[in-house]
Amino acid sequence: MMSVLGWVVYGMGCFFVLSTVLAIRQLARSGQKVTAMTVNQCALYVISLVLVPVLDLSPFHLIWMFFVSFVGGAMLPLALGINVPILPRLLVLIATVGISPPHPPRSPTAAP
């Protein structure tokens, strides 16, 4: 029973990460700014999801790992000045595959 419940937690974590990546994609598609905090948190969520099966951890570890990712993604770059740009940039590139940059709005031309 605990194994099934653990995989339900893992599935919910996958759904949460996928929805966060899709939210980043939607923001990029609409031309809105994607904050570095959002991308850092999402990158840490992805790392958490990868570490659980690689290290053969219980999926229940995702509960505290996601909390630490949320706080760490928001606070560590501010408090310590640490910003690792490689992983977040890679995540944004993957999330925005196939999206062309939005065109600036055209200003109406005056009739002669």
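Leu18 belongs to a hydrophobic cluster whose remaining members, ordered by chain and number, are Leu22; membership requires side-chain heavy atoms of ILVMFWY residues under 4.5 Å apart, directly or through intermediates.
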List, one per line, each side-chain donor-acceptor pair under 3.5 Å for residues 8-17, sequence neighbours excluded.
unit_1, atom_1, unit_2, atom_2, d
Tyr10, OH, Leu49, O, 3.0

Per-pair distances, 0.1 Å, donor-acceptor, side chain in residues 56-71, under 3.5 Å, sequence neighbours excluded:
unit_1, atom_1, unit_2, atom_2, d
Ser58, OG, Phe60, N, 3.3
His61, ND1, Trp64, NE1, 2.9
Trp64, NE1, His61, O, 3.4
Ser69, OG, Leu44, O, 3.4
Ser69, OG, Ser48, OG, 3.3
Ser69, OG, Met65, O, 2.7

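Distance OG1/Thr35 to CD/Gln41: 7.5 Å, rounded to 0.5 Å.
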